[in-house]
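Computed from a predicted model, the values in this text were never measured in an experiment.
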Amino acid sequence: HEYLIRPDFSPDLVSIAQQRDIIMSSMEEEHCDWASKTKLERFKKIKFEKSPIYGHHLRVSRLDGSSLPKSDPQYVELAVQKAGILFTTLKLRKYSEEYKLREEEYRAKQSGIVRQMVQTALT
């Protein structure tokens, strides 16, 4: 339940939203690359997720975990849970951190716009 102001209200928000979209498409490309690398079906076997603890990451079931290239220097295992094996890559981690920074920047600009709207409504 995240409420966001449409970026159309400010050129700054438009710029940040575009940067976020570019980063998201890069993360989705990384998801696609790992789906082809592991020969697992994208969206069915290897899933792209976001959690408050790990940020954006990939998940496979524990049964499909044997297809993961654990010797790959890009591979970083985050956790083994009942839901499956959570992992990320060095690129995906970098993109996830950049995306988080853009989200924080967007929220900061958004809160300023909300304050201005409330002040305008009060007058």
Side-chain angles (χ1 to χ4, degrees):
H1 302 292
E2 187 175 334
Y3 299 100
L4 296 174
I5 293 178
R6 282 194 350 236
D8 304 347
F9 283 100
S10 166
D12 293 336
L13 290 181
V14 170
S15 172
I16 296 167
Q18 288 172 343
Q19 291 172 3
R20 256 189 0 200
D21 292 343
I22 291 168
I23 294 168
M24 181 57 77
S25 66
S26 298
M27 288 192 288
E28 288 170 353
E29 275 182 40
E30 186 72 4
H31 177 213
C32 185
D33 290 348
W34 274 79
S36 64
K37 187 182 281 192
T38 57
K39 296 179 177 72
L40 295 172
E41 289 180 70
R42 191 173 172 208
F43 303 116
K44 286 189 177 185
K45 296 283 188 172
I46 185 166
K47 300 181 190 239
F48 179 60
E49 299 178 339
K50 180 183 177 187
S51 77
I53 297 170
Y54 302 115
H56 290 89
H57 61 276
L58 302 171
R59 178 175 59 89
V60 297
S61 69
R62 289 192 286 178
L63 294 174
D64 294 324
S66 61
S67 64
L68 294 175
K70 296 183 180 184
S71 61
D72 190 317
Q74 287 287 315
Y75 175 83
V76 179
E77 189 170 294
L78 299 172
V80 177
Q81 300 177 341
K82 187 177 179 181
I85 299 171
L86 308 181
F87 70 98
T88 189
T89 65
L90 298 178
K91 276 187 188 178
L92 186 59
R93 181 178 281 171
K94 184 184 88 166
Y95 292 141
S96 182
E97 289 169 2
E98 286 178 31
Y99 190 85
K100 185 177 179 182
L101 290 173
R102 297 297 162 263
E103 278 186 324
E104 290 170 0
E105 189 178 352
Y106 193 94
R107 284 193 190 101
K109 296 276 186 196
Q110 173 179 281
S111 67
I113 291 171
V114 168
R115 269 194 300 274
Q116 287 176 340
M117 290 175 153
V118 169
Q119 288 298 323
T120 302
L122 288 174
T123 59

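Ser61 and Asp64 are linked by a side-chain donor-acceptor pair at a separation below 3.5 angstrom, with hydrogens and angles left out of the test.
Among Val60, Val80, Val76, the one residue that satisfies the side chain to side chain contact (heavy atoms under 4.5 Å, CB included) test with Phe87 is Val60. Just one residue in the list Glu30, Gln74, Lys37 forms a side chain to side chain donor-acceptor pair (under 3.5 Å) with Thr89, and that residue is Glu30.
Here NZ of Lys45 is found 15.5 Å from NZ of Lys39. Values are rounded to the nearest 0.5 Å. Here CG of Leu40 is found 11.0 Å from CH2 of Trp34. Values are rounded to the nearest 0.5 Å. Put simply, CG on Leu13 and CD1 on Ile113 are 4.0 Å apart, with the number rounded to the nearest 0.5 Å. One distance of note links CG of Leu90 with OH of Tyr75; it measures 12.5 Å at 0.5 Å rounding. Atom CD1 of residue Ile22 and atom CZ of residue Arg102 lie 10.5 Å apart, to the nearest 0.5 angstrom. Put simply, CG on Leu58 and OG1 on Thr88 are 6.5 Å apart, with the number rounded to the nearest 0.5 Å.
Side chain of His31 to main chain of Ile46: a donor-acceptor pair is present (N/O by atom type, distance under 3.5 Å, no hydrogens or angles). The main-chain N or O of Glu28 is never found under 3.5 Å from a side-chain atom of Tyr95 such that the two would form a donor-acceptor pair. Formation of a donor-acceptor pair under 3.5 Å by the Ser15 side chain with backbone atoms of Pro11 is not found in this model. In terms of modelled atom types and a separation under 3.5 Å, the side chain of Arg59 and the main chain of Glu49 share no donor-acceptor contact.
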Using the rule given for side-chain contact (heavy atoms from CB on, under 4.5 Å), can you reason through Glu103 versus Leu4, listing the C-alpha separation, both sets of side-chain angles and the distance that settles it, and then say yes or no? CA-CA 10 Å; Glu103 278 186 324; Leu4 296 174; over 6 Å; no
Show your working on side-chain contact (heavy atoms from CB on, under 4.5 Å) between Leu101 and Glu105 and close with a plain yes or no. CA-CA 6 Å; Leu101 290 173; Glu105 189 178 352; 6.0 Å; no
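With contacts defined as side-chain heavy-atom distances shorter than 4.5 Å, the pair His57/Ser51 qualifies. Taking 4.5 Å as the limit, some side-chain heavy atom of Met24 sits within range of a side-chain heavy atom of His56. Contact of the Leu92 side chain with the Met27 side chain is registered, since non-hydrogen atoms from C-beta on lie closer than 4.5 Å. Between Pro7 and Tyr106 the shortest side-chain heavy-atom distance falls below 4.5 Å.
Counting non-hydrogen atoms of neighbouring residues, nucleotides and ligands closer than 6.0 angstrom, the NZ atom of Lys44 reaches no more than 12 such neighbours.
Salt-bridge check for Arg107 with Glu104: failed, with every basic side-chain N at 4.0 Å or more from each acidic carboxylate O.
Linking ILVMFWY side-chain heavy atoms closer than 4.5 Å, directly or via other members, places Tyr3 and Met117 in two distinct hydrophobic clusters.
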